[in-house]
Amino acid sequence: MFSEFLKNNIVYLDGGMGTLLQASGLMPGEHPEVWNITHPDVIRRIHKAYFDAGSNVVCTNTFGANILKFSCEELDGIVKAAVENARTAARESTAKGQKFVALDIGPTGKLLRPLGDLDFEDAVSVFAATVKAGVRYGVDLIMIETMNDSYETKAALLAAKENSTLPVIVSNAYGADGKLMTGSTPAAMVAMLEGMGADVIGANCSLGPKQLAVVVRELLENASVPVALKPNAGLPSVKNGKTVYDVSPKEFADDVTALIKEGVSLAGGCCGTTPEYIKALTEAAEGISPLPLTEKNITAVSSYTHAVKLGAPVLIGERINPTGKKRFKQALLENDMDYILGEGVSQQEKGVHLLDVNVGLPDIDEVSMLCRTVCELQAVTDLPLQIDTADTIAMEAALRRYNGKAMVNSVNGKAESMEAIFPLIKKYGGVAVALTLDESGIPSTADGRFKIAEKILNTAKKYGIDKKNIIFDTLAMTVSADSSAAIATLTALRRIKEELGCHTSLGVSNISFGLPRRDVVNGTFFALALENGLSAAIMNPYSSDMMKTYYAYRALKGLDENCAEYIEAADSFTVDTASDTVKKAPSEYSSELQRAIMKGIKEKSGEFTRELLKSTPPLDIVQKEIIPALDTVGKGFENKTVYLPQLLMSAEAAKCAFEQIKAVISREAASEEKGIFVLATVKGDIHDIGKNIVKLLLENYGFKVIDLGKDTPPQLICDTVVEKHAPIVGLSALMTTTVPAMEETVKLIKKNAPWCKTVVGGAVLTEEYAKKIGADKYAADAMETVRYAEEVINKQA
Amino acid sequence: MSNVILTKEYEAPPVNKKEVLRYAGCKNADAGVASLLDSCIEELSDKLVYKVCYCLLPLHISGENVDLGNFSLSSGKLALCLKGCKKAVVFAATVGIGPDRLVMRYGSTAAARALMLQAVGAERIETLCNSFCDDVAKEYGSVTPRFSPGYGDLSIETQKDIFAFLEPNKRIGLYLNDSMLMAPAKSVTAIFGIVE
């Protein structure tokens, strides 16, 4: 058994395959996997040479064997032949060592959404087909390698785990900056992969052993599972028409051996390495016994870029949550994703380390909403997320799609809760926030809560979940209802930290419920909680008192060198003095608000609107301030005295002003809504900056925009137009190859919604093209779209 | 020389702000636009890579057929552009996913910033291509203008051949999607000839 062998030995992997195949005549662009069938002798010779050189594990020649490149039958034939070639080589090799055959799985060759066009679940299916074939033909283990995207790595590991019980090595290709192409650090990869149950985590390809040393050390520092290393033979260059690598077998062997001494347990080579390199390595490392594995006890969550480790206190932004937030509820009900994403981005700007995501409302489909929110948030922020839902199905759907290792909010001491949540943590990874309550409620004493924590840990252990992946929330209860509430919470917090060695979390602001000036109580309670061992606070980052406490605490506890962070943050502690800054407007602008909009100063336009609202009816502000300012800028753009960036800055400033108005009255009432405008980037097109610009301006001009996003199927656009009886639809396309999708959409709309006008735009379109595909109007820019939309609405009225 | 695909990584070349403004549709920058431009350059600065993979290939032209040994392309305009050359370089270049990420981030919350970021990205990739072509010219003599799939009569579908040949996904993290869009978006594939 490979797993047994791994426990007590340095495992030697094989070396490069591609380089050797090219030397045997493989041409660029040719699929090497086909050679399993057409040139089995060559493949067997290479595998055997690796076994002879001392490799314990040989990877099948199936790097690109997947159903995106081959039909199911072809794939089956290739994997079958590939495994047979490796097995034959193992039989024929007379080397003494143990020999195993690993199913080699490389990247799909496609980039996953949102950056590319391959859906996550489709990627899982692609890998699943290869895994199943490998299992069918009896490989000993699975080697997922050269992955340069954390999301694709997750898809591959998930497929391996769902379709086999074999040990899985997961190895990523890190660049010279020590990160994956998509930005992940080694620590982030360890958090995610170890959480999902990878048996070995490693690094391969891209660089030589010296350059990969930094990556390897970070892996070793964080991983509690064995670490693998398969570097290139340095960097390639061309000599006499041939590719040569700049690290010799001897140097390679010495460098890799040094890293084995630091703790690497599995070693081999990648591009440019040959059996000669592996032989040199096995000789150089002979007699070295593997370092014993140590449990690192790191509690970490991760995003697709970085890991956040619990230790020094971290902040979890609580604002993505409809509870008690009218504006957020409205955004959820109206599918206003921009507002929700904006909350994520601005909390990040405030300095939180994680974002809590709760989109539960009685009237919405939480499973799809949570999943969508998690995916879209991950497109705009690189903060790790805390997925917050009571719906287990929604939790699973979100955890599955999440790119990284999430915080899971929450589990509690009830048997039912643990039965539902722990299997999800086991499968997808995650750090669970465990509430110290159970079937009999929340114990009033610290001791009662502590006992529940112990019970939760014991149960988690039965599911194979380590205590590092549980953090405890000892539940802040309203102090105005029970004067000992805070003490019970804090005592339980401290005991769990000290006696169980676990990290903790609290929803801090519950403590002050029912009291005046809640911020004051919250800030002080937060300080007390930090001093009693709070690791993660779920809190409102817009609360100045909370942020003050946080930065002051860090400075006082020696966590902030030279108080640098405190000093930087202190600027924002000053009291908001918007009222003092509303000066008399300079003569060229009729008011400061107009100036702010025309100059495109977002922050000011919000402030001035808030101020004006104290003395002026909201509709007057819209009619007499915002709209005239926008009109001036819009006309300037049309006359070419104002350029696009300036137009957009003004539009954003106006949007900020509208947000303030909306806080007081509904948008519909605010701007006498002009009409519905359905907007989409067509099927196949994934760039939407132009569409977003059009949306921003249309909204400013009072249209209700239904934004269907990018890569939108024609049928969905048509159905939406029909359902809303929209008078006008706008379509954008960037590429000549997606214009046919635009044409199809236009035709579908003309057929099913003959009343609806179609306006098209985008980089490749021209007036002539627009006519050819049957659109009513070609708009060269966003203002032209606005003017046309006004014309259409006016005609109808 | 031929058939070997190489990868090259560059240091950040200086930013041409005028070009960025041109891509942003802006003839001149007032104080607001200038500070937006500077902060976009700053925000992108540590999120860019400058990677190229390329191959020098023998070139045979007959009529509209441009034969590069491993694959051939059909385009009268490309044939004209490469006329008289015996060798051509086919390359793929990218500045990485940094601009895509930030444009996505700000696309729905800060449109002006998104616009400016994508303009910086456009300037960066063009500047990278210029640096690369200059380097080749230094080594091999002068070069023709570069010609990309989708220009003139060179079909965008040619991307498939170039991607199958260069495999830039493995080498520089550049992908082609089903509608022939490249990801990262700020990327270029092109062919140019070496004038002897």
By a 4.5 Å heavy-atom criterion (distance strictly below it), what part of [X] contacts chain B: side chain, backbone, both, or neither?
X	result
A/Phe637	neither
A/Lys640	neither
A/Leu734	side chain
A/Lys599	neither
A/Ser237	backbone
A/Lys691	neither
A/Asp338	both
A/Lys710	side chain
A/Leu115	both
A/Gln348	side chain

Basic-acidic side-chain contact under 4.0 Å: [X], [Y]:
X	Y	result
B/Arg113	B/Glu43	yes
B/Arg101	A/Asp382	no
A/Asp122	A/Lys110	no

Discussion item. If I take atom OG from residue A/Ser605 and atom CD from residue A/Glu652, how far apart are they, to the nearest 0.5 angstrom?
Written reply: 10.0 Å
Practice prompt. Find the distance between CG (B/Leu181) and CG (A/Asp117) and round it off to the nearest 0.5 Å.
Written response: 8.5 Å
Worksheet item: Top residue by heavy-atom pair count (under 4.5 Å) with chain B, among A/Thr738, A/Leu696, A/Asp177, A/Val345?
Response: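 The answer is A/Val345.
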Worksheet item: What's the verdict on salt bridge (charged side-chain N to carboxylate O under 4.0 Å, His left out) for A/Arg113 and A/Asp119, showing C-alpha distance, side-chain angles and the deciding distance?
Response: CA-CA 6 Å; A/Arg113 285 191 184 125; A/Asp119 185 73; 3.4 Å; yes
Worksheet item: Where does the angle between the aromatic ring planes of B/Phe91 and B/Phe132 fall among parallel (under 30°), tilted (30 to 60°) and perpendicular (over 60°)?
Response: tilted
Worksheet item: Does A/Glu349 CD have over 12 foreign heavy atoms under 6.0 Å away?
Response: yes
Non-hydrogen atoms of chain A under 4.5 Å away: do they reach the side chain of [X], the backbone, both or neither?
X	value
B/Arg171	neither
B/Met116	side chain
B/Gln118	side chain
B/Leu6	side chain
B/Leu176	backbone
B/Ala110	both
B/Lys47	neither
B/Asn28	both

Please check if the side chain of [X] supplies one atom and the backbone of [Y] the other of a donor-acceptor pair under 3.5 Å.
X	Y	answer
B/Thr7	B/Cys53	no
A/Glu33	A/Gly64	yes
B/Asp67	B/His60	no
A/Asn204	A/Thr146	yes
A/Glu744	A/Pro714	no

For the interface with chain A, which of [options] has the highest count of heavy-atom pairs at distances below 4.5 Å?
options	answer
B/Asp30, B/Leu21, B/Leu36	B/Asp30
B/Gly32, B/Gly107, B/Ala183, B/Ala112	B/Ala112
B/Pro184, B/Ala31, B/Gly98, B/Gly25	B/Gly25

